[in-house]
Each structure stands twice: as C-alpha cells, then as structure tokens.
Amino acid sequence: MAGDVLGRREKFATLAGQLGTPLYVFDEQLLIERCERLKQAFAKFPVPVSAFYAVKSNNHPYVSKALVSQGIGLDISSGLELALALEAGAREIIFTGPGKTASELEAATSAEVQPIIWLDSLTELKRLAGAAQEAKTPVRIGARLNIQPDGLWRKFGIDINELVAFIHKAQLCPFLDFCGIHFHSSWNMDARAQTAIIESLGAKLSPLPEPVRQKIRIIDIGGGYWPEPGELCWADGEAQMIMKRGLIDFDPAEFKRTFTPAVPIEQFAQELGDAVEKYLGCLPLERVFIEPGRWLCSDSMSLIMRVTDKKMPDLVITDAGTNAIGWERFESDVFPVVNLTRPQLTERPCHLLGSLCTPHDVWGFSYFGAAIEEGDLLLVPSQGAYTWSLRQEFIKPVPKVCRLG
Ligand SMILES: Cc1ncc(COP(=O)(O)O)c(C=O)c1O
C-alpha cells in the first residue's frame, strides 16, 4: 500500500502546494476501476444484479456522482441522503435503515426518482401507507428482515415469522406494491455469513403459500463486503501500550498487530450466486440487489497532512486532527502513514499526533520514510470509507476535498 502511493508522490505534493494542508484527495479513476471490477464480478450471477452504492460510507457528492455516471444506483438511509442522491442524478434509489420519519417518507414518496423503500417495521408501514394514500402515489416497498435477534442488531428489520402478516397488511393499502425483501450483514471477510442467511431464508420461505412467494421478486442481500487486502488492527491493548511509551530505538516489527484477510469480490459473487440458485429457487426473482459501501470507496480518498512541529525525536504534531476522520480510529485500526517528503519503504517508529487539544488525536505510531522533520508532507491512504462521512468540526475546520488530477 505504501509503495503504491509513492508512485503518485509528485501529484500529491503539487496539490498540497497549491491548496494547502490538511487535504482529502479523491481519486475518481480508481473509484471507476473498482466499479468496473464489481460489475464484472457479478456479471455471471444467476439473476440480474443491480448495485446500489451505500451513500453513508462516503457521502461526498464527488463519490456518488462518479458512481451514478457508471450506472450504479444509490442506497440512502435518510432524507439528507435522499436529497444528495437526487442532486447526484441517481436513476435508481433504495431507502434502507430504521426509524424513517413521516417527513422522510413523504419526501421519498413525492421524489422525482422515487426510491424503493425497505421498511423496517409495521410502524413504518403504517406511516408510509398514510403518506402514499395522501399523495395518491404508488410506492414500491419491501421488508427488511432481522438477521440477528440478540444484541444491538436486533433493532433492524422485522422477524421473518412476521413476513406474511406484513405482506397482508401492505396489500390493504392500494398504493403500496410489495416487491421484495432485504437483509444486511456487516464486516464480512468472506461470503459465509451471507450464504448462511440465504440458506435459512430459503428454508423459511419455501413452505409459504404460493401467492406470498410470488410477491418476492427482488432480494436485496445488502453490503458488508470487506475490501482486499483485509483488515489490519492493533492487538488488544497494544495501541494503549505504545501511547504510554517513548519509541526511540523501538522496532515496529515488534508491534502486535492482527491481520484478517478478505476474499476477492469475485469469490463473494460466485458463492452468493451459488447460494441464491441453490436455496431461493422457490421465489420468482427478477433482480438481486447488492449495497456495497466500503468495498467501492475505501481506496478512493487519501488524506494529506503536514508535520507542523517535531517536539521530540520520536514525537511529531501534524496539522490534521482526528476530527478529519471523526473518531479515534487509529487507536484500533492500522494504516500506513507515508512520508512523501523523505520517501523510503522502511517503517520507523514515531508518535504521530494531531493538533487537536486532546490526547486522543492519534494518527499512528510509525511512518514509512527515511526520517521525519517539521514541514514534511505525510499521506494516509485508503481513507475513502467511513472517514469523510464521520468528519466533524471539532476545534479545527474540516479539511478541503480535491480531485487527483
Ligand atoms: C443497510 C446497509 N447497507 C449497506 C451498508 C454498507 O456496508 P459496507 O460499507 O460494509 O459495504 C450499510 C452499512 O452500514 C448498511 O447499513
């Protein structure tokens, strides 16, 4: 990852020189390449697949617009994201997420491009039926199915045992057209969790009466495809330990980091396709939807910052604060920090800390470079997913966004 960045060093340095730091750099070409690969991966699926980009993973308009231009739909989860999707020119939209308000449902009903609404509960069904009746507008809907009845995921969707009653209730409103079901499972390093859900759906759906099954023309299997090359994290307590100690003469090879690999998207597509074919033959499926977020956008944004102060041989302060990513992410996740000014593919220990007035303003504990000095330009790659969306104006302003030319 660090090596890939160095090839584009001049471009990053020019942008930082022209626009100042800190700065997010959006790489549209890379996003389009990901999109193309995703389409290819799902091209041989047994049922036509439509991809809907999960806007929440990076809600910058550059990202949605670029994906819409490639024929991708948008998956939104709020009225705010609906406005963004319409502004981005989306031709197909789906609306997911719990707690949809009356005004969000009204806006969706009357939108120029009306979303398919995956309803999260009977309350939402009642709310939407009222809005659709009032507007005398037909709306395509479906139900999100709960896939984990315990813990924090129990807040999502309805129990599959309530599906028949849900469909009957939806049919009472002449303006609601029930067309499918939705589920979403997160953080999948491979397709095992999703295929297990598809298998259990097949077992529950196949005994249902024919008229009920005939209603399910779409199945949305959600997002949660982890990008290659996998996930690198600090081992339990390791980041806290490194925060407490000086790092002079410490060898980063001794840091305890855990790596979890992820399978390529082609393998996800193959296994999901096999599962749909094997277990959902009882449904008259016209389309399968997918909602990739991080798989599409994670590599498409980098963050550039400058060293503003070198306070100790093993501690520097940068001009970006973690408000640029919205949370203390680097106390759990590991990303390389690349010194663009003194390039070298050698990892050196150093406390890399931001300029916010809080100790939890941590970028990392090492950098790739020959040395590190005041004024050096640093780059953190792969900040496209859940970084820009979580930014916040805390003490310092949010950095600008520019395109990599
Ligand atoms: C309903 C839904 N779909 C898709 C996604 C995208 O997930 P990911 O970015 O892991 O692909 C999310 C993320 O939270 C989600 O809640």
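The chain is numbered in sequence order, starting from 1. In each ligand, atom 1 is the first atom listed, and ligand 1 is the first ligand listed. Only heavy atoms go into these numbers, but all of them, side chains included; no hydrogens, no water, no symmetry mates.
Taking the six-membered ring where tryptophan is involved, the planes of Phe52 and Phe289 are tilted, since the angle between them lies from 30° to 60°. Classified by interplanar angle (parallel below 30°, tilted 30° to 60°, perpendicular above 60°), the ring pair Trp187/Trp226 is tilted.
Across the listed options Ser298, Gly97, Ser77, Ala54, Ala54 owns the non-hydrogen atom lying nearest to atom 6 (C) of ligand 1.
Between Pro292 and ligand 1, no pair of N/O atoms sits closer than 3.5 Å. The distance criterion of under 3.5 Å between nitrogen or oxygen atoms is not met by Trp295 with respect to ligand 1.
For atom 10 (O) of ligand 1, the nearest protein heavy atom (residue, atom name, distance) is Arg294 NE, 3.0 Å. Counting only heavy atoms of the protein, atom 9 (O) of ligand 1 lies nearest to Tyr386 OH, 2.6 Å. For atom 5 (C) of ligand 1, the closest heavy atom belonging to the protein is His184 CE1, 3.4 Å. Looking from atom 1 (C) of ligand 1 to the surrounding protein, the closest heavy atom is Glu291 OE1, 3.4 Å. Protein heavy atom nearest atom 16 (O) of ligand 1, with residue, atom name and distance: Lys56 NZ, 3.5 Å.
If you number the atoms of ligand 1 from 1 as listed, the ones under 4.0 Å from a heavy atom of Gly224 come out as 7 (O), 8 (P), 10 (O), 11 (O). When each atom of ligand 1 is checked for a heavy atom of Thr96 under 4.0 Å away, the hits are 1 (C).
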What pairs of donor and acceptor atoms, side-chain ones from residues 65-72 against any protein atom, are under 3.5 angstrom apart with sequence neighbours left out?
| residue | atom | partner | partner atom | Å |
| --- | --- | --- | --- | --- |
| Ser69 | OG | Ala66 | O | 2.6 |

Please report, to 0.1 Å, the donor-acceptor pairs under 3.5 Å made by any side chain of residues 151-163, with sequence neighbours excluded.
| residue | atom | partner | partner atom | Å |
| --- | --- | --- | --- | --- |
| Asp159 | OD1 | Asn161 | N | 2.7 |
| Asp159 | OD1 | Asn161 | ND2 | 3.1 |

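The backbone N or O of Glu81 sits less than 3.5 Å from a side-chain atom of Ser78, completing a donor-acceptor pair.
By the 6.0 Å and 45° rule, Lys400 does not stack over the aromatic ring of Tyr24.
Contact between Gly222 and ligand 1 is absent, with no heavy atom of the residue lying under 4.0 Å from the ligand. Note on ligand 1: Trp187 sits outside its first shell, no heavy atom being nearer than 4.0 Å.
Side-chain N/O atoms of Gln383 and Arg329 include a donor and acceptor closer than 3.5 Å. Side chains of Asn58 and Ser389: a donor-acceptor N/O pair is absent below 3.5 angstrom, by distance only.
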